[in-house]
Amino acid sequence: QAGHMVLEHPDVQQALGQQFGNEIFTADDQIDRRALARLVFAPAPKGPAKLAFLEQLTHPRIGAMLEQQIAAARQAGAPAVVLDAAVMLKAGWRRLCDHVIFVDCPRPLRLARATARGWNEAEFTEREAAQTSLDVKRRAADIVIDNSQTEIDTERQVTVLWDRLLSHSKHL
């Protein structure tokens with residue numbers, strides 16, 4: 001969500017427009033995220049260079065926004081803040097986290113879920129290829145949640161984890 005919000009910043013839109021042209025804008029002058037994704041997740045050599053530009057432009061802004069949101073949540077007394085970020089390790093946002101949780105799921109199921117959101121297999125494969133490998137993410141995690149079964153099973157794992165984290169934080 002923070003990434004979507006950063007794309008609404010006028011300075012970000014101006015820089016992206018200069019770099020990628022008008023094809024990334026909708027009729028009402030907003031960033032067309034699907035059009036932008038087609039450019040930055042394109043095959044090498046063009047896609048990775050464009051993705052690098054996007055990341056150097058947006059990651060620092062997203063990181064600052066996340067820091068502000070976390071501080072506000074803590075000040076409001078939130079027992080926890082969840083940072084859902086596929087690029088957490090790559091962007092350096094792990095430093096914002098007390099725990100890293102990896103939600104694991106086999107590729108066929110990830111693909112099925114992505115296509116249900118309107119992606120095709122090529123888009124899915126390109127996006128995964130542009131991210132830190134799942135093995136690296138899994139190894140960097142403190143906790144792994146298995147999301148390959150039913151929603152109820154995943155919810156049960158999250159509830160057990162939540163209870164464990166809350167009981168641990170009371171002893172700090």
Side-chain angles (χ1 to χ4, degrees), residues 1-16 26 28-34 36-37 40-41 51-106 109-114 116-119 124 127-128 130-172:
Q1 194 174 34
H4 296 179
M5 293 169 66
V6 163
L7 291 178
E8 295 174 4
H9 292 184
D11 62 321
V12 171
Q13 290 181 345
Q14 180 181 5
L16 291 176
T26 63
D28 60 346
D29 293 325
Q30 295 301 308
I31 298 291
D32 180 343
R33 293 191 343 261
R34 288 187 72 95
L36 182 59
V40 302
F41 295 118
L51 179 60
F53 176 83
L54 175 66
E55 290 173 342
Q56 66 83 25
L57 177 67
T58 59
H59 284 183
R61 289 168 173 83
I62 295 167
M65 185 179 292
L66 293 172
E67 288 178 18
Q68 292 170 351
Q69 291 173 340
I70 291 167
R74 284 186 174 147
Q75 188 172 20
V81 175
V82 175
L83 172 57
D84 179 11
V87 297
M88 180 189 321
L89 300 176
K90 186 177 184 182
W93 300 330
R94 188 193 202 303
R95 66 181 172 72
L96 302 175
C97 303
D98 295 325
H99 305 281
V100 173
I101 301 163
F102 178 71
V103 180
D104 202 5
C105 187
L109 192 48
R110 292 192 317 273
L111 175 59
R113 291 172 179 170
R117 291 192 311 267
W119 295 10
F124 172 79
R127 288 183 187 212
E128 279 207 344
Q131 295 177 10
T132 304
S133 79
L134 298 181
D135 288 336
V136 169
K137 290 179 181 182
R138 198 177 290 109
R139 285 192 308 269
D142 304 310
I143 300 149
V144 176
I145 297 286
D146 175 13
N147 191 22
S148 65
Q149 302 302 314
T150 67
E151 192 173 323
I152 292 169
D153 184 56
T154 302
E155 186 177 322
R156 185 176 18 251
Q157 292 175 72
V158 171
T159 300
V160 168
L161 171 61
W162 178 252
D163 291 344
R164 192 173 96 209
L165 291 175
L166 283 182
S167 68
H168 175 71
S169 68
K170 292 176 186 172
H171 297 36
L172 297 177

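Because only heavy atoms are used, hydrogens play no part in the values below, and waters and symmetry mates are left out as well, while side chains stay in.
Remark: Q56 CD is packed, more than 12 non-hydrogen atoms of other residues, nucleotides or ligands lying under 6.0 Å away.
Expressed to the nearest 0.5 Å, how far CZ of R33 lies from CG of L7 amounts to 7.5 Å. To the nearest 0.5 Å, the span separating NE2 on H99 from CZ on R94 amounts to 10.0 Å. Distance check, rounded to the nearest 0.5 Å: CD of Q13 to CG of L57 gives 11.0 Å. Rounded to the nearest 0.5 angstrom, K137 NZ and M88 CE are separated by 9.0 Å. Rounded to the nearest 0.5 Å, atoms CG (L36) and CG (L16) are 6.0 Å apart. Separation of atoms CD1 (I101) and CG (D142) is listed at 8.0 Å; rounding is to 0.5 Å.
In this structure, D32 has no side chain to side chain donor-acceptor pair (under 3.5 Å) partners at least two apart in sequence or on a different chain. Applying the salt bridge (charged side-chain N to carboxylate O under 4.0 Å, His left out) criterion to R110, with sequence neighbours excluded, gives E128. Taking the salt bridge (charged side-chain N to carboxylate O under 4.0 Å, His left out) definition, one finds that R34 meets it with E123, sequence neighbours left out. D84 is linked by a side chain to side chain contact (heavy atoms under 4.5 Å, CB included) to nothing, counting only residues two or more places apart in sequence or in another chain. Judged as a side chain to side chain contact (heavy atoms under 4.5 Å, CB included), and not counting sequence neighbours, the contacts of D163 are T159.
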Listing, residues 65-76 side-chain donor-acceptor contacts under 3.5 Å, not counting sequence neighbours, or none:
unit_1	atom_1	unit_2	atom_2	d
E67	OE2	R95	NH1	2.9
E67	OE2	R95	NH2	2.7

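Contact between K90 and A130 at its shortest, heavy atoms only, is NZ-O, 3.1 Å. Nearest heavy-atom pair across I62 and G3 is CD1-CA, 3.6 Å. Annotation for F124 and W119: closest pair CA-CE3, 3.9 Å, computed over non-hydrogen atoms.
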- D28 and T26: CA distance, side-chain angles, deciding distance, side chain to side chain donor-acceptor pair (under 3.5 Å) verdict: CA-CA 5 Å; D28 60 346; T26 63; 2.3 Å; yes
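For the pair F102/R139, no side-chain contact is recorded, criterion being any heavy-atom separation below 4.5 Å from C-beta on.
Side-chain N/O atoms of D146 and S148 include a donor and acceptor closer than 3.5 Å.
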